[in-house]
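Residue numbers run from 1 in the order of the sequence given.
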Amino acid sequence: CKALSSSPPRFFSFSAKDMKHRLGFLLQKSDSCDYSSSQGKKEKLSSSQRLSQEEVRKWADSLENLIHHDRGLAAFRAFLKSEYSEENIEFWVSCEEYKKTKSPAKLSPKARKIYDEFISVQATKEVNLDSCTREKTSHNMLEPTLSCFDEAQRKIFTLMEKDSYRRFLKSPYYLDLVSPPGAGCGPENCKRNHTHSLDCNSNIISQCA
């Protein structure tokens with residue numbers, strides 16, 4: 001203990017230049033940590049800010065326009081998630097991906113995965129299909145083809161088109177994106193729905209993680 005107490009405090013030997021260098025290093029390290037933790041959010045915000053009003057307005061023309069646009073699909077998915085019905089759009093997207101399958105050997109396992117997840121009686125994300133369509137799709141599982149989910153996919157598309165899509169167009173998930181440029185975030189523009197903690201303009205897409 002005496003030896004330790006008698007040794008000179010080495011940190012006093014740092015020059016002002018050394019301290020400045022070390023401080024700069026720590027600040028740079030801190031900035032890099034902040035960047036890595038929020039990089040995804042910033043990328044989404046910057047992407048959403050590139051949306052044009054013309055693009056967003058086209059989403060109101062048809063559900064097809066909406067879900068065939070990457071940002072539109074993300075916003076619609078977020079809306080359905082808020083209504084606990086995201087299984088519909090997830091099924092539709094899965095069918096779109098399935099139809100891109102090039103290897104015949106992969107058709108059966110992919111088809112079974114979609115069927116088990118969305119259509120079977122014990123499906124974890126069961127979609128709302130009539131008994132006739134469900135039975136026909138089940139029969140298609142015997143020899144899966146690229147078109148084996150077509151009818152079920154059309155049914156779910158129609159269901160979303162007549163129901164959730166219409167509500168989406170009246171919700172802050174769409175209205176906050178289609179608001180006129182430069183409208184700002186005044187009380188009149190931000191009071192549409194206080195249950196959603198949304199910033200004006202296009203911040204809603206940042207919630208689609």
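Phe91 meets the ring pair (Phe, Tyr, Trp, His ring centres under 6.0 Å) test with Phe118; sequence neighbours excluded.
When only modelled atom types and interatomic distance are considered, Ser147 and Asp150 share no side-chain donor-acceptor pair under 3.5 Å. In this model, no donor atom of one side chain and acceptor atom of the other lie less than 3.5 Å apart for Tyr165 and Ser62.
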Checklist entry - Which is it for Glu55 and Arg71 under the salt bridge (charged side-chain N to carboxylate O under 4.0 Å, His left out) test, yes or no, and what are the steps along the way? => result CA-CA 10 Å; Glu55 285 179 301; Arg71 306 304 171 191; over 6 Å; no

Item to check | Residues Tyr173, Ser82; criterion side chain to side chain contact (heavy atoms under 4.5 Å, CB included); working and verdict | outcome: CA-CA 10 Å; Tyr173 288 82; Ser82 74; 3.4 Å; yes

Checklist entry - Yes or no on side chain to side chain contact (heavy atoms under 4.5 Å, CB included) for Glu83 and Phe79, after CA distance, side-chain angles and deciding distance? => result CA-CA 7 Å; Glu83 292 197 333; Phe79 170 72; 3.3 Å; yes

Item to check | side chain to side chain contact (heavy atoms under 4.5 Å, CB included) between Arg134 and Lys155, intermediate numbers included | outcome: CA-CA 10 Å; Arg134 191 180 300 275; Lys155 295 281 185 176; over 6 Å; no

Item to check | Check against side chain to side chain contact (heavy atoms under 4.5 Å, CB included), Ser85 and Glu87 | outcome: CA-CA 5 Å; Ser85 60; Glu87 69 276 359; 4.2 Å; yes

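Of the possible donor and acceptor atoms, none in the side chain of Arg57 sits under 3.5 Å from a partner among the backbone N and O of Val178. The main-chain N or O of Asn65 is never found under 3.5 Å from a side-chain atom of His69 such that the two would form a donor-acceptor pair.
Side-chain contact check for Asn140 versus Glu151: every heavy-atom pair is 4.5 Å or farther apart. Taking the side chain as every heavy atom from C-beta outward, Leu73 and Val93 approach each other to under 4.5 Å.
Test Met141, Glu96, Arg154, Lys99 against Phe149 for side chain to side chain contact (heavy atoms under 4.5 Å, CB included) and you get one pass: Met141.
Going from atom OG of Ser138 over to atom CG of Leu129 covers 9.5 Å, rounded to the nearest 0.5 Å. Between atom NZ of residue Lys113 and atom CD of residue Glu117 there is a gap of 6.5 Å, rounded to the nearest 0.5 Å. Distance CG/Asn88 to CE/Met160: 6.0 Å, rounded to 0.5 Å. Atom CD1 of residue Ile114 and atom NZ of residue Lys125 lie 12.0 Å apart, to the nearest 0.5 angstrom. In this structure, OH in Tyr98 is found 6.0 Å from OG1 in Thr145, a value given to the nearest 0.5 Å.
The aromatic rings of Phe168 and Tyr174 are tilted relative to each other, their planes meeting at an angle between 30° and 60°.
A 6.0 Å sphere centred on CG of Asp70 holds no more than 12 heavy atoms belonging to other residues, nucleotides or ligands. Counting heavy-atom neighbours within 6.0 Å of Glu135 CD, excluding the residue itself, gives a total of 12 or less. No more than 12 heavy atoms of other residues, nucleotides or ligands shown are found within 6.0 angstrom of NZ on Lys136.
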